[in-house]
Asks: 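The structure that follows is given in the form of structure tokens.
Heavy-atom basis, side chains included; hydrogens, waters and symmetry copies ignored. Residue numbering restarts at 1 for every chain, and letters A, B, ... go by the order of the sequence lines.
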Protein chains: 2
Amino acid sequence: MVDDTQVRDELRAAILRGDFAPRQRLVEADLCEQFGARRFAVRAALQDLVAEGLVERQQNRGARIREISLDEAIEISEIRRVVEGLVAARAAERLTAADAKRLTGIGRRMREAVDGGEAAVYSDLNAELHSTLREIARHETANRIVAQLHGQMVRHQFALSRVPGRSAVSLAQHEAVIEAVVARDPDAAEAAMRAHITSVIEVLRSLG
Amino acid sequence: MVDDTQVRDELRAAILRGDFAPRQRLVEADLCEQFGARRFAVRAALQDLVAEGLVERQQNRGARIREISLDEAIEISEIRRVVEGLVAARAAERLTAADAKRLTGIGRRMREAVDGGEAAVYSDLNAELHSTLREIARHETANRIVAQLHGQMVRHQFALSRVPGRSAVSLAQHEAVIEAVVARDPDAAEAAMRAHITSVIEVLRSLG
DNA sequence: CGCGAAGCGATTGTCAACAATATGAGCACC
DNA sequence: GGTGCTCATATTGTTGACAATCGCTTCGCG
């Protein structure tokens with residue numbers, strides 16, 4: 001059976017993968033064919049993705065991929081700065097010995113990836129670090145918000161990763177975050193995470 | 001004609017007004033009658049409110065008012081602490097002379113309300129202060145998130161306002177926020193707002 | 001009397017057809 | 001050649017009807 005949450009998840013994955021261009025129209029009939037679903041399910045999926053901020057709808061003109069401007073990407077990053085700061089602080093408070101091992105392992109692999117010039121690997125580790133911190137922090141509300149905002153940023157995230165020399169700067173900041181969390185110092189962890197995302201915001205500004 | 005956004009807005013208003021109890025079932029047919037709408041529109045409205053976190057749905061068992069536990073209310077307040085901190089800082093940066101006048105006016109009326117023992121008036125002014133700051137900050141993303149989280153908190157907010165001696169403590173904190181914003185000091189404004197919401201969180205914890 | 005199966009009413013989930021609307025092409029007219 | 005109008009077409013919005021499912025009651029059987 002074709003579950004409507006399945007259509008929603010597949011469509012979201014396709015959007016995050018970059019299968020659709022910003023402002024591209026999402027014609028319901030086409031999506032039905034693409035996902036082998038009924039129009040009813042597609043419609044429900046679209047409504048959900050509107051709520052997630054990935055899709056926008058206009059009365060009688062259907063749905064299209066929402067375009068996130070650079071200004072909005074900066075706003076989103078400003079929120080992420082404070083919310084992920086909270087996540088980092090809380091991870092520092094709740095850290096177990098096993099968590100510490102995981103984090104230092106990610107840090108080591110990050111350094112290896114940067115030294116080896118493996119940009120794609122580093123990008124994956126970046127995602128892994130942030131999501132591991134969220135896992136450690138166990139803050140459901142924060143996780144939901146960060147996940148949603150992250151989804152809206154995918155396209156800009158890609159642009160970020162292509163800025164030359166970015167990974168070296170980013171690596172040092174990530175190591176500072178890991179160090180503070182492993183030291184179980186919430187204030188330092190929050191400050192380090194905020195410093196990291198502040199630098200992301202500065203790069204975004206420089207792209208304007 | 002009965003617009004489905006209209007049903008959604010009315011239903012949301014009813015929930016925020018406290019017309020429904022937590023965990024109360026929302027039977028589609030009843031809502032149709034109550035709002036004079038078709039089931040189609042009610043269904044779409046419910047789906048939107050699920051996304052807003054006010055309603056929850058279970059397969060084949062329909063929708064009910066989502067109950068927000070005290071723990072979750074604390075989590076939500078932790079997010080609000082950092083996001084409204086950002087809003088306050090940004091309001092301090094963007095403040096105009098007219099804005100300053102509005103804020104000091106709200107502060108003066110707050111003090112009068114507390115001195116006069118008018119709890120309801122003070123509660124309204126509280127909401128007005130926070131929303132005025134959001135207006136001044138003009139941070140769309142933050143506003144959306146705060147509005148959503150605030151909606152989920154209504155019931156607990158009510159409990160808060162009934163804590164004896166709360167308004168005197170709260171007044172001083174609000175005045176500190178206003179003072180810092182009017183002084184155009186972003187860091188002080190953020191700190192003052194965080195201190196304010198920290199105290200809200202402590203009261204919530206004490207209720208557990 | 002206890003227990004499980006079957007039936008029932010209430011409610012939600014799904015559908016295919018129909019209505020309403022926007023968009024763009026073709027045409028008359030200036 | 002340009003401009004505004006009309007109409008065809010593609011697409012979305014809405015409907016009432018029907019199917020599926022749930023929780024509960026009742027009934028049969030040991």
Side-chain angles (χ1 to χ4, degrees), chain A residues 1-68 151-152, chain B residues 1-68 151-152:
Chain A
M1 192 195 128
V2 189
D3 199 347
D4 60 340
T5 68
Q6 191 182 325
V7 175
R8 183 193 39 166
D9 293 344
E10 283 183 29
L11 179 53
R12 179 179 27 229
I15 294 173
L16 297 185
R17 206 184 308 125
D19 287 3
F20 303 96
R23 316 253 332 140
Q24 180 176 339
R25 287 193 60 189
L26 299 170
V27 176
E28 295 179 1
D30 296 350
L31 298 176
C32 289
E33 199 177 354
Q34 185 168 346
F35 295 104
R38 303 291 177 180
R39 207 171 132 224
F40 188 84
V42 167
R43 200 147 237 285
L46 285 173
Q47 197 178 346
D48 283 345
L49 295 177
V50 166
E52 286 181 31
L54 292 176
V55 168
E56 66 186 354
R57 248 185 172 153
Q58 284 179 294
Q59 185 71 223
N60 291 320
R61 287 209 273 165
R64 54 180 59 213
I65 300 291
R66 192 160 89 87
E67 177 168 44
I68 277 85
Q152 299 175 6
Chain B
M1 192 195 125
V2 189
D3 200 345
D4 61 339
T5 68
Q6 191 182 324
V7 176
R8 182 191 38 159
D9 293 345
E10 283 183 29
L11 179 53
R12 179 178 28 228
I15 294 172
L16 297 186
R17 208 184 307 124
D19 286 4
F20 303 95
R23 317 254 331 141
Q24 181 175 341
R25 287 193 59 187
L26 299 171
V27 176
E28 295 180 1
D30 295 350
L31 297 176
C32 289
E33 199 178 352
Q34 185 168 346
F35 295 104
R38 302 292 178 179
R39 201 152 80 97
F40 186 84
V42 167
R43 203 147 232 288
L46 285 173
Q47 197 179 347
D48 283 345
L49 295 178
V50 167
E52 285 181 33
L54 293 176
V55 168
E56 65 185 355
R57 246 185 175 155
Q58 284 178 294
Q59 186 71 224
N60 290 319
R61 288 210 272 163
R64 53 179 62 214
I65 301 291
R66 191 160 89 87
E67 176 166 45
I68 277 87
Q152 300 175 4

Asks: Toward the 5' end of DNA chain C, which comes first, B:Arg61 or A:Arg61, by nearest nucleotide?
Replies: B:Arg61

Asks: If you only use heavy atoms from C-beta on, which nucleotide in C:dC15, D:dT11, D:dT15 is closest to the side chain of A:Val27?
Replies: D:dT11

Asks: Between C:dC15, D:dT14, C:dT12, which nucleotide has the shortest distance from any of its atoms to the side chain of A:Arg38?
Replies: C:dC15

Asks: Closest approach to the side chain of A:Asn60, judged atom by atom: which nucleotide of D:dT21, C:dT21, D:dT12 is it?
Replies: C:dT21

Asks: Quick check: any donor-acceptor pair below 3.5 Å linking the side-chain of A:Arg39 to the base of D:dG13?
Replies: yes

Asks: Rounded off to whole Å, could you give me the CD-to-P distance for the A:Glu28 and C:dC15 pair?
Replies: 14 Å

Asks: Give the rounded distance in Å between these two atoms: CD of B:Glu56 and C1' of C:dT12.
Replies: 16 Å

Asks: So B:Leu46 and B:Leu31, do their side chains get closer than 4.5 Å, heavy atoms only?
Replies: yes

Asks: State whether the side chain of A:Arg64 and the backbone N or O of A:Arg23 hold a donor-acceptor pair below 3.5 Å, judged by distance alone.
Replies: yes

Asks: Taking A:Gln152 for the side chain and A:Glu52 for the main chain, is one N or O donor matched with an acceptor at less than 3.5 Å?
Replies: yes

Asks: Using atom CD of B:Gln47 as one end and atom P of C:dG13 as the other, report the distance to the nearest whole Å.
Replies: 10 Å

Asks: Could you tell me whether the side chain of A:Glu67 reaches within less than 4.5 Å of the side chain of A:Glu56, counting heavy atoms only?
Replies: no

Asks: If I take atom CD in residue A:Gln59 and atom P in nucleotide D:dT14, what distance separates them, rounded to the nearest angstrom?
Replies: 6 Å

Asks: Please give, in whole Å, the distance from D:dT11 C1' to A:Phe40 CZ?
Replies: 19 Å

Asks: Rounded to the Å, how far apart are A:Leu31 CG and D:dT12 P?
Replies: 8 Å

Asks: Whole angstroms only, please: what is the CZ-C1' distance between B:Arg25 and D:dC24?
Replies: 13 Å

Asks: For B:Arg57 and C:dG13, what is the distance between atoms CZ and C1' respectively, to the nearest whole Å?
Replies: 9 Å

Asks: Counting the atoms with a prime plus P, OP1 and OP2 as sugar-phosphate, which does B:Leu46 contact under 4.0 Å by heavy atoms, base, sugar-phosphate, or nothing?
Replies: nothing

Asks: Between B:Glu28 (side chain only) and B:Arg43 (backbone N and O only), is there a donor and an acceptor less than 3.5 Å apart?
Replies: no

